[in-house]
Amino acid sequence: MIADCDYLLQALKAADIRSLQRPDLVHHHLLKLQKRFDVSRRRVQNRKRSVPAFGLPPELPITAKRQLIIDTIRKDQVVVITGETGSGKTTQIPKMCLAAGLGLRGIIGLTQPRRIAAVSIASRIASELGQLCGESVAYKIRFEEKTSAEPLIKVMTDGMLLAETVQDRDLLAYDTIIVDEAHERSLNIDFILGYLRTLLLKRNDLKLIITSATIDTAKFSQAFDNAPVIEVSGRMYPVEVRYRPIDPVREEKGETTYVDEAVACVEQLQQERRFEDILIFLPTEQDIRETCERLAKRCSGLVLPLFARLSAGNQRLVFSPASQQKIIVATNIAETSLTIPGIKYVIDAGLARILEYNPRSQTTGLPIKSVSRSSAEQRKGRCGRVQDGICIRLYSREEFADRPLYTTPEILRSNLAGVILRMLALNLGLVSSFPFIDRPHPKNIRDGIEILRDLGALTRDESDAETEHYKLTEIVRTMSQFPLDPRVSRMIIEAKQEGCLNEIAVIAAALSIQDPRERPYDKIDQAAAAHAQFQHPESDFLTYLQIWNRYSDSLEKMQSQGKWRKFCRDHFLSYRRMTEWRDIYHQILEIISGKNSAQKHRKPAKIEIDQTISDKIHRCILSGYLSNIAQKKEKNFYTAAKSREVMLYPGSGLFNRGGPWIVASEISLTSRVFARNAANIKSEWLEELGRDHCRYTHWAAHWEKNRGQVVALEKVILFGLTIVEQRTVAYEQINPEEAKKIFVREALVMGEVGRKLPFLEHNLSLWEKTKTMEDKLRKRGIAVDEEAIAQLYEQRLPLISDIRSLQKLIKDKGSDDFLRFREEDFIAHDPDPRELQQFPDQIKIGNAALACHYRFEPGLAGDGVTVSVPLGLVSKAASENIERHLPSLLQEKVFYMLKSLPKNARQKLPPLVQIAKIFSERATIADNSLPLALSKFLFH
DNA sequence: CTCTCCCTT
């Protein structure tokens, strides 16, 4: 077997090295290898013997090419086989592989996009080999595996093969892989083909067969080194195509719609007395309902709707034989997933809802778009499988020709977070260099990485700023273990922390299935009433929990499956989806508990919902859907993160009563942008959970005397939403350097501390003294300025910005000496002491000493010197001429008095400056007032 | 101011 071969090669290499040290062990080791080799060889021989005899049905077109296919498979590593449905390729190719001698050293793996198909194909191949399913032919899908010890062929979903690559990196279990329905280009198919492109270089012995509907071959061939393409004819009966375009002018005016036209088409067929079964393709559920209602009124026959959300029972009706003409009105489900036998006419509106992901707004859209030519051809092929058919297209031949040949591969229109996460877990390198057949757009990759970063699965690698290099966080590996959307996996990780794993497992599973609630048109009110009893007014997630609770309750009481089906029917719940929900729930718990199978059959316990658990649950949900938060604008309208305007989905329990903040697990664009699966949240949680994504802005930093610290106003923004409008915060942690600057300038320099600090009083009085000199001398620049003092403090203080830290510092140092400045610290330029002497601090009037207040503020009251004279001394002060005590001011005053003399008097005098100087220097004014003394002097 | 195609680990 291939896996043994790989093992033996590795072991021999290892033995080679070991033989240098312990030759005695080598012999023993080689014996063991010999044994394994023998076992392996015997297995291959047994497998060869177990290949049953089989034939190929001669009526199938592919049988004619049997020899060409077998020869090509033997010769080439990769073969592309194309053929339309009915060619028999899916069942016959695995058999031809056996005929080519494959399937012996490893299994022939056949992948299918859908589970049901995988199971039914497995049993068909088995029966053609004359066996039961699970002998030579195994199958493996999620939750279900049927196999023997030595299967030759294994049919599985493509997702399953992908999951196997985790355990079996080189797919050593297989010697052949057949990728069926490759033209569907689902995410899984593209991922597998990319993976195989690299693997085939390493595994020369591995054969790959890609099968696809006719048109899509060149791309596959090119992707695999121009692999040979074999075409197999498929069409058994001809289909006539009629174009019946809708008049665009009338459609524009609203006079007709594709629903009208489809109904008219059926009427016309019936007028032509054509009463074989009809299949109509329409894009939406609503169109289907409208069409069905109108057809029932106007036409004969059995009118049946068909879409995925329809209950299983109603879906089955399309397969049951009817005595009258069947008119099936279907969505895309009838294009690939369900094949209805005996259709003679196809009416194709040429439209479908096609998923589109917009990475810029992280919004999923489901717009109605024209389908591709290959899709239209597939629809056409739904008739004429057992007889010739007619396909009526509600568009023109030209319009058909203008359409794109293929539907855009899913990988080009999907959210890539999940793909990227898996690639990281598998160590597949950079997404941008992975050999996808169609490389996703860089913008899409960046968005996927951004989502993973939002979830905390990745952090930017700072050592490599240039390219898209990221570091994985610890949670990546845990997250990738869950077969779930990364956001859902993230919730589970948070639930471990919060201690609500069971509850989140229920919700995570619910988010992974389609809504289990059924709403049949004819019983819409009953269904609404049944669902209403589950509805939680605060959270659609808790609504799921309440459904679950009722379910587990009933599971206790009801033992039989039949009763349980009835329970589902009574509550308008889909039995199939409820089962899927339970299975995924168990799968999640299994992964968490490390595959403990004992837990598997544990009955789900009822969950009590109280405020505590509800808070925990919603914090977990937020951890996964943080970028889906929204803030209420009005009524049902919200502004969501990343600037999206959304409306609560009318089906939500929060509709018309949503709180100021919500989180939604889905924001999608249909007729509007809707937030689906929503819950009220507390905005206080947002900052804690979104810490790394919050943007903080600060302004108005200032010293706050009462708090004794520097504070600032803060605003918190998360994904563009303001989660905290304005709050006061200590500025110290935010910007310690800036905070210290403000503390020094506003608190210490200005002395605004609001309490007694001895060093501060000391410093302030020294500074005051220095500033008095300036006032006396009537010039600036003697005292240092505020900035200089601030710098003095800054030099002597560490990074602190509050009183408590300052007081602690002083206490630790034992004194505040280090903050006491000296007198000279405040002086920028020393004043002339003699000059300074001319400005006494006080003057004497009689026996009284009066204080002089100096002020240097020209133009303002109080400029110059002010002496407050008690009322009793006023006349004495006036007669004594107090100006003589202030010699520096006297001269200036005299000068201006002289200048104010009449012009003719002034002209007779010597220069005024000279007079003022001489007058001031003489003590001639002792006993007189100044004007009197001056006039005496002049006459003298 | 009221509703979404189809798959899958």
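Any value given below was found using the heavy atoms of this structure, including those in side chains, with hydrogens, waters and symmetry copies removed. Numbers restart at 1 for each chain; the letters A, B, ... are given by sequence-line order, proteins then strands.
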What is the distance, rounded to the nearest whole Å, between atom CG of A:Leu648 and atom P of B:dT2?
13 Å
Between A:Ser671 and B:dC3, is there a contact of a side-chain N or O with OP1 or OP2 at under 4.0 Å?
yes
Please state whether the base of B:dT4 and the side chain of A:Ser668 form at least one donor-acceptor pair under 3.5 Å?
yes
Quick check for you: among B:dT4, B:dT8, B:dC1, whose closest atom lies nearest to any side-chain atom of A:Arg115?
B:dT8
How is A:Leu484 classified with respect to the nucleic acid when contacts are heavy atoms under 4.0 Å: base, sugar-phosphate, or nothing?
base
How many Å lie between CG on A:Leu355 and C1' on B:dT8, as a whole number?
14 Å
Within the pair A:Arg289 and B:dC3, is there a side-chain N or O less than 4.0 Å away from OP1 or OP2?
no
Check whether any side-chain nitrogen or oxygen of A:Thr331 sits under 4.0 Å from OP1 or OP2 of B:dC6, and answer yes or no.
yes
Is there a side-chain polar atom (N or O) of A:Thr364 under 4.0 Å from OP1 or OP2 of B:dT4?
no
Quick check with a 6.0 Å cut-off and a 45 degree axis cone: is A:Arg403 positioned over the face of A:Tyr395's six-membered ring?
yes
Between A:Thr363 and A:Asn358, do the side chains contain an N or O donor and an N or O acceptor separated by less than 3.5 Å?
no
Measuring to OP1 and OP2 of B:dC7, would you say a side-chain N or O of A:Ser337 lies under 4.0 angstrom away?
yes
Find the distance A:Met647:CE to B:dT4:C1' and express it as a whole number of Å.
15 Å
Base, sugar-phosphate alone, or nothing: which one does A:Glu181 contact when heavy atoms must sit under 4.0 Å apart?
nothing
Using a 4.0 Å heavy-atom cut-off, does A:Gln587 contact any base of the nucleic acid, only the sugar-phosphate backbone, or nothing at all?
nothing
With the threshold set at 4.0 Å, does a side-chain nitrogen-carboxylate oxygen contact exist between A:Lys380 and A:Glu377?
yes
Would you mind classifying the nucleic acid contact of A:Leu162 as base, sugar-phosphate or nothing, using non-hydrogen atoms under 4.0 angstrom?
nothing
Any N or O donor-acceptor pair linking the side chain of A:Arg676 to the base of B:dT4 at under 3.5 Å?
yes
With under 30° as parallel and over 60° as perpendicular, where do the rings of A:Phe434 and A:Phe191 fit, or are they tilted in between?
perpendicular
Short side-chain N/O contact to B:dC7 OP1/OP2 from A:Arg114, under 4.0 Å:
no
Sugar-phosphate only, base, or nothing, as touched by A:Thr336 at under 4.0 Å among non-hydrogen atoms
nothing
Please state whether the base of B:dT4 and the side chain of A:Arg309 form at least one donor-acceptor pair under 3.5 Å?
no
Please classify the nucleic acid contact of A:Ala352 as base, sugar-phosphate, or nothing, using heavy-atom distances under 4.0 Å.
nothing
